[in-house]
Structures are given as structure tokens and as C-alpha cells.
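Notes for the one structure printed next.
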Amino acid sequence: MTLTSQIKHAAQDAFKHLYPDVSIDIATILVNQTKPEFTGDYTIVLFPFLKLLKQKPDVIGKQLGDFLTEKTELFAAYDIVSGFLNLTVRDNYWVSFLLNNYADAHYGEKSKTDRRVMVEYSSPNTNKPLHFGHLRNIFLGAAMSEILRATGNQVVKANLINDRGIHICKSMIAWMRYANGATPEQAGVKGDHLVGDYYVKFNDVYKEEIKQLVAAGTEEKAAEKEAPIMKDAQDLLRKWEAGDKEVYGLWQKMNGWVYEGFDDTYKTLGITFDKVYHESDTYLLGKKIVEEGLAKGVLFKKEDGSVWIDLKEDGLDEKLLLRGDGTSVYMTQDLGTAKLKYEEFKLDQSVYVIADEQNYHLQVLKLIMKRLGEPCADGIYHLSYGMVELPTGRMKSREGTVVDADDMAGEMVRLAREQTESAGKTEGFNADELTKLYETIALGALKFYLLRVDPKKKMIFDPKESIDLHGYTATFIQYAHARICSILRKENVPMAPGASRFQSFEQATDLAPLEKSIILTLEQYSSVLSESADEFNPSSICNYAFQLAQLFNTFYDAHSISKAESEEKKELRLIIIVMTASVLRHAMRLMGIALPEKM
RNA sequence: GGCCCGGUAGCUCAGCUGGAUAGAGCACCAGCCUUCUAAGCUGGGGGUCAUUGGUUCGAAUCCAAUCCGGGUCACCA
């Protein structure tokens with residue numbers, strides 16, 4: 001049980017003894033960390049009890065404070081300041097907390113349950129390489145998966161690859177026309193980039209053709225439909241759906257290039273999946289669900305044969321589920337995939353990491369499943385995040401106005417090298433170690449940059465400003481960790497000492513304020529972790545880890561560890577920094593960020 | 001226009017289940033390396049928490065209205 005909930009229960013208990021006739025709901029007991037300008041560790045706010053107990057705050061505070069200090073083992077002292085009861089927790093609570101948990105590499109986690117959760121993220125189209133916006137999606141999904149795993153869930157990390165449709169055909173037709181059979185090897189370009197180049201090429205040609213048609217007197221809208229390259233692309237899609245061998249072969253070949261490129265990028269980023277779905281496999285599944293819905297009378301058919309659902313009762317509109325010609329739309333596929341996932345993995349929850357522009361789509365998806373009586377409906381959760389924009393506006397692959405993910409990763413490595421070299425910190429590393437270090441710093445900075453912000457907020461990234469390696473960054477946390485490791489090396493204490501290492505420690509002197517602050521912060525980690533899982537928000541963990549690192553740096557500056565005032569203090573501080581490093585590693589591992597032992 | 005999300009320091013963001021004098025980072029200014037890694041630490045300036053009204057002992061936080069920015073409401077995905 002966390003300390004704050006222990007305090008709440010203790011206070012509730014105290015009220016039961018002091019005021020047997022009044023019942024106090026535990027939810028009305030508000031326990032906050034005491035502000036630094038007052039003495040105390042945790043504060044109980046007394047105002048909510050005034051009316052219930054018909055007493056003045058000072059009286060209630062004194063009764064509660066006396067009871068808590070005398071009848072429980074938790075508190076050493078209390079202080080009442082204008083309606084706030086500030087409680088000082090006994091040093092021996094902090095010390096035994098530390099001794100009980102420092103050796104636990106899983107400290108903060110919840111015990112495993114049978115709850116099964118799938119997190120779907122990345123979900124790329126195969127007509128272009130990944131860009132900076134996709135990175136937010138990928139890092140969020142990966143981090144959320146780890147957070148959910150650490151809070152007791154069985155997690156399946158899934159990637160749904162959108163490998164079919166008109167957008168792929170656009171790249172294909174441009175490649176057929178202009179590439180002269182070029183392969184990634186011949187062109188010396190990553191496969192996803194090569195295909196992406198032809199996607200951009202398609203749009204250039206398409207625009208040019210429209211321009212010409214308009215110049216020849218065609219209306220703009222008609223020209224958009226009649227442009228030869230667009231007609232060719234549509235023709236390609238029809239052939240693909242009909243199973244044309246040649247088209248299918250090209251599609252496989254080009255997708256293969258893209259997958260190789262993606263795999264490369266995922267590998268660089270340290271991203272993995274447990275399950276990969278392809279829309280080319282799943283896109284027909286939804287049709288069956290639609291037919292069943294028709295039979296049940298939940299859906300209806302219009303004269304042209306198209307199938308719809310009426311969502312007016314829920315304040316929404318009519319929504320198309322199947323075209324008149326029987327082909328499926330985006331929603332149809334998603335219905336099928338949702339059911340497939342649910343049945344394949346017996347999911348309690350299915351998390352979709354998708355940008356907020358699709359809020360409506362996901363709302364409708366869930367609602368339709370509910371109306372159809374599909375059991376998967378309740379578990380659908382949309383982890384909606386704001387888009388990453390450039391100062392000039394949204395990133396658009398087809399216009400080439402994107403910050404490419406591979407470029408960005410490379411740029412970050414360059415930056416990490418530059419700053420390490422100029423700080424003169426390359427000593428004691430060989431070339432391989434340095435390469436590894438630069439990658440660790442670069443990737444950490446990138447992930448932290450995208451994860452430290454509340455997912456629902458949109459971000460603007462200015463490529464002209466490089467991502468910082470100072471201040472509120474992963475580098476800061478990595479640096480604090482490296483400093484701890486350096487001390488531990490000198491003192492011959494392993495990074496993860498066993499529970500027996502400090503068995504004989506006995507506290508002889510009072511805790512210094514900074515010693516206590518760190519332990520208090522360490523104690524809060526499990527709450528932060530659960531909150532982050534409940535809110536689907538990794539940024540609170542970033543925030544926490546930064547605070548802890550910052551606190552350590554202050555502590556480091558104020559108190560020597562190796563040359564502590566006494567052996568007892570030295571032991572205590574060693575335990576504190578061991579656990580600090582361990583919690584930092586744990587928190588950052590959830591974010592997919594590694595902490596070097598030396599930097 | 002309907003619905004959804006956002007608006008807090010010059011910039012980027014915490015804080016939002018109501019609680020004490022609203023916090024970080026960047027940038028700016030002033031200090032701190034014969035002592036465990038200065039990618040660090042200490043201090044300083046900088047705020048009408050978009051606006052107005054309401055609820056309350058108490059509002060950045062809750063409610064209502066308004067303003068600003070974005071998204072979405074496709075037989076695109």
C-alpha cells in the first residue's frame with residue numbers, strides 16, 4: 001500500500017475513534033505532499049471536515065495530530081498551519097522502505113493478472129517512409145505497451161500494415177512509368193524511400209496533368225478524375241483486386257522493399273511487435289459482419305445497394321459501411337480487424353494509437369460494434385494524440401514536406417557526437433563504444449522529446465532548432481545515472497546489489513532533508529506508474545524521472561557520498577543512489593530509453 | 001453550423017478528482033570545477049493561468065457564455 005493511502009486510512013481510523021457518530025468517507029480525506037516552505041512530509045487538508053465535525057480546524061488538527069502521532073507508528077511529529085495538518089513521517093519508515101525495496105528490479109510494478117490488452121501502433125501505409133509524426137505514434141504505442149505490462153496486463157503489441165489501396169497503386173504506377181526498373185540496390189536508396197519517391201513523383205505528374213487538362217478547357221473537378229495517371233492507378237487497383245498476376249507480383253515486390261526499409265527503421269528505433277496484421281489479409285472480414293448486421297436489422301440497405309447504419313439517436317449521422325458495388329470502405333475493414341483481434345487474443349481491451357484527426361472514426365467504430373452486439377465493443381479504446389506539425393503547417397508525404405524519421409535519427413546521432421566531442425567526454429571509450437553511446441543519447445533524446453508532452457496536445461517541431469540535450473531531456477536523466485554508476489564503481493558496489501548487501505545497515509543519525517526528499521520521491525513511483533497506465537499518458541513518467549534525476553543532482557552537489565560524515569551516512573547514501581538509479585532505469589526502460597553507465 | 005481537443009512566463013510545457021505564496025526546462029543575468037562526471041548545481045528577473053460571469057470558506061482546476069487556434073462531420077484511408 002502506498003504511503004498516502006496508509007495515511008488516509010490512518011486518518012479515517014482516527015476519526016472513527018475521535019468521532020464515533022460521524023462517518024468520514026475516505027475520499028474526503030485529501031493528502032498532499034507538504035509544500036517545501038513548511039515542515040512536514042505529507043499534509044492533510046482539514047477544511048472538508050469542519051461542517052461534518054462541527055469543529056474549528058485547529059481543534060480537529062490537534063485531535064487528529066495527537067492521535068496519529070501517539071497511536072500509530074508512522075509519524076514523528078505534526079504541525080498545524082491555518083487549516084492544514086502537516087505530518088512528519090518517522091525516519092525509520094523511510095529507511096525501512098529503502099531497505100525493503102532497493103534490491104527489487106521490479107519495484108513499482110503491479111502483480112501480473114490475466115487481463116489481456118492489445119496495443120496497436122505504427123500502422124504505416126506502404127507507399128512512403130516513416131516521418132517524424134509517425135515517431136510520436138510509435139513511441140507512444142511502445143511506451144504504453146510497456147507501462148501496461150508493468151501494471152499487470154498481458155500485452156500484445158500489434159502493427160496493422162495498410163498495404164493495399166489506391167495509395168500503393170499510385171507509387172506503383174509512377175514506378176512503372178519512370179523508374180526504368182530501378183531497385184533499391186541499384187538506386188542505392190532504402191526501399192521505403194525509393195517507393196516514397198515515386199509516390200511524390202505520382203503527385204507531381206498528377207498535378208501537371210490536371211493543369212494541362214484545365215488549360216485545354218476541362219473543368220478542374222473533371223480533370224482530377226480524368227488525369228491519365230490517376231486512371232492508370234485506379235485501373236491497377238481493379239486489377240489487384242481481381243488478382244492479376246503481374247500487378248500482384250509488382251505489388252509484392254514493392255511492398256517487400258518497403259518492409260525491408262521499415263524493418264531497418266524499427267531496428268534503429270528499438271521497436272518490436274508481437275503480431276503483424278496486413279490489411280490485404282483482413283480487408284474482406286468486415287463484409288461478413290455487415291451481412292450479419294443486415295440480417296439483425298441493425299443496418300439498412302439503400303436503393304443502390306449500399307449499406308448504412310443510422311447513428312442519429314447518438315447524435316451522429318448516417319454512416320456508410322459498404323459501397324453500392326459491394327466493395328468495402330475504411331470502416332468495413334476496421335470492423336473486421338477489431339473482431340479478428342478480439343477473437344484471436346480474447347482481449348479485455350484493445351488500444352488504438354491513432355492521431356486525433358480520427359477521433360470521430362474511432363467513436364463511430366466503437367458505437368457500431370456496440371449496436372451490432374459485438375463483445376469487443378467495450379474494450380475498444382482510442383489513444384488519441386495530437387499531430388506533430390512543422391512551423392509551416394502539417395507534414396504531407398505526397399508533397400514531400402516532412403521530416404523523415406531516418407534523417408531525424410541520423411541528425412540526432414550527429415548532434416550527440418558533436419556535443420560529446422566538444423565537451424571532451426570521449427576519453428576511455430573505444431570507437432565501438434562511442435558509436436553505441438551516441439546512438440543511446442540520440443535515441444533517448446528523440447523518444448523523450450516526443451513522450452514528455454501530454455499525448456493529446458499537438459506539437460510543433462521546428463527542424464531548424466535541433467532537439468536539445470540539456471535541461472528537461474533524456475540526456476539529463478542519463479547523465480544523472482552515469483554519475484551514480486561512477487560512484488558505485490569507485491565504491492565497488494554493483495549496479496544491482498542483492499538484498500543482502502546492505503543487510504547490516506542501521507540508522508544512527510537523522511535523515512538530512514535531501515536524503516528524505518529522494519526517498520519520499522522513490523516511494524511515489526508506483527503511484528506515478530499506475531496513474532500513467534490509467535490515464536494512458538507516458539508523459540507523467542518522463543516528468544517523474546526528470547524530477548528524480550534533478551533531485552539526485554541537487555543531493556549530489558550538497559552531500560558527498562564517498563566522503564560522507566560517517567560510515568553510516570555513506571552506507572545510507574549508497575543505498576539511496578542504488579535505488580535511484582534502479583528506478584530511473586526502470587522508468588526509462590518503459591519509455592524505451594537506455595541509460596549508459598558512463599558518458 | 002454540429003461535435004471533439006487545446007489556450008498557463010518571451011519560447012516549449014507541468015500542475016486540472018477544487019486547497020497554503022502557480023512550477024520546470026530553454027533563452028537572459030550573476031555566481032560555483034586543487035574535493036564522487038560542470039551534459040551539473042545555486043541565485044535573479046520574467047504571470048490579468050484567453051475573457052466575463054457563476055458555484056464555494058477557498059477556483060489555473062468545477063459550471064455557463066464569449067473570443068482565439070486546430071481537428072472532424074467523404075461511396076479517401
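Chain letters run A, B, ... following the sequence lines, proteins first, then strands; residues in each count from 1. Computed over heavy atoms, backbone and side chain alike; hydrogens, waters and symmetry mates excluded.
Here salt bridge (charged side-chain N to carboxylate O under 4.0 Å, His left out) pairs that include residues 319-328 of chain A, with residues two or more places apart or in two chains, number zero. Here salt bridge (charged side-chain N to carboxylate O under 4.0 Å, His left out) pairs that include residues 531-548 of chain A, with residues two or more places apart or in two chains, number zero.
Rounded to the nearest Å, the gap between the C1' atom of B:A50 and that of B:G70 is 16 Å. Here the separation of B:C11 from B:U17, taken at their P atoms, is 26 Å to the nearest Å. For B:G23 and B:A9, the P atoms lie 14 Å apart once the distance is rounded to whole Å. The P atoms of B:U51 and B:G1 are separated by 23 Å, rounded to the nearest whole Å. When the C1' atom is compared between B:U8 and B:G40, the two are found 28 Å apart, to the nearest whole Å.
Atom pair A:N32:CG and B:G23:P shows a separation of 14 Å (rounding to whole Å applied).
Residue A:T43 is in base contact, counting any heavy-atom pair closer than 4.0 Å across all strands shown. Residue-level contact check: A:L30 touches the bases, meaning some heavy atom is under 4.0 Å from a base atom. Among the heavy atoms of the strands lying under 4.0 Å from A:K35 is at least one base atom, whether or not backbone atoms are also near.
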Please list, one pair per line, the donor and acceptor atoms closer than 3.5 Å that link side chains of residues 553-564 of chain A to other protein atoms, with sequence neighbours excluded.
{"from": "A:N553", "atom 1": "OD1", "to": "A:R483", "atom 2": "NH1", "distance (Å)": "2.8"}
{"from": "A:T554", "atom 1": "OG1", "to": "A:Q550", "atom 2": "O", "distance (Å)": "3.1"}
{"from": "A:S560", "atom 1": "OG", "to": "A:K563", "atom 2": "N", "distance (Å)": "3.1"}
{"from": "A:S562", "atom 1": "OG", "to": "A:E491", "atom 2": "OE2", "distance (Å)": "3.0"}

Which atom pairs, one a donor and one an acceptor, fall under 3.5 Å between side chains of residues 123-130 of chain A and the rest of the protein, sequence neighbours left out?
{"from": "A:S123", "atom 1": "OG", "to": "A:E120", "atom 2": "OE2", "distance (Å)": "3.0"}
{"from": "A:N125", "atom 1": "OD1", "to": "A:N162", "atom 2": "ND2", "distance (Å)": "2.8"}
{"from": "A:T126", "atom 1": "OG1", "to": "A:N255", "atom 2": "OD1", "distance (Å)": "2.9"}

Identify each donor-acceptor pair in which a side-chain atom of residues 382-392 of chain A lies under 3.5 Å from a protein atom, sequence neighbours left out, and give them as a table.
{"from": "A:H382", "atom 1": "NE2", "to": "A:I354", "atom 2": "O", "distance (Å)": "2.8"}
{"from": "A:S384", "atom 1": "OG", "to": "A:N359", "atom 2": "OD1", "distance (Å)": "2.8"}
{"from": "A:Y385", "atom 1": "OH", "to": "A:N137", "atom 2": "ND2", "distance (Å)": "3.1"}

_Letter per nucleotide, 5' to 3', of nucleotides 35-47 of chain B [B base touched, S only sugar-phosphate touched, - untouched; heavy atoms, 4.0 Å]_ = SBBSBSSS-----

*Assign a letter to each nucleotide of nucleotides 72-77 of chain B from its 5' end: B, base within under 4.0 Å of a protein heavy atom; S, sugar-phosphate only; -, no contact.*
SS-BSB

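Taking a pair as Watson-Crick or G-U wobble with both distances under 3.5 Å, the runs of three or more consecutive pairs in RNA chain B are B:1-7 with B:67-73, B:10-13 with B:23-26, B:28-32 with B:40-44, B:50-54 with B:62-66.
The salt bridge (Lys or Arg N to Asp or Glu O under 4.0 Å) search around A:D41 returns A:K516, not counting sequence neighbours. Take A:D58 and apply the salt bridge (Lys or Arg N to Asp or Glu O under 4.0 Å) test, not counting sequence neighbours, and it matches no residue.
Looking at A:H481, its side chain does come within 3.5 Å of a backbone N or O of A:P596 through a donor-acceptor pair.
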Close N/O contacts between protein and nucleotides 7-9 of chain B (under 3.5 Å):
{"from": "B:G7", "atom 1": "OP1", "to": "A:K457", "atom 2": "NZ", "distance (Å)": "3.0"}

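Taking the centre and axis of the six-membered ring of A:Y352, the NZ or CZ atom of A:K341 falls inside the cone set by 45° and 6.0 Å. Cation-pi geometry between A:R398 and A:F202 is not met at under 6.0 angstrom from the ring centre and within 45 degrees of the axis.
Near RNA chain B, meaning a heavy atom under 4.0 Å away, the residues from residues 45-56 of chain A are A:V45, A:F47, A:P48, A:K51.
Side-chain contact of A:S5 with A:T2: a donor-acceptor pair under 3.5 Å is present, judged by distance alone.
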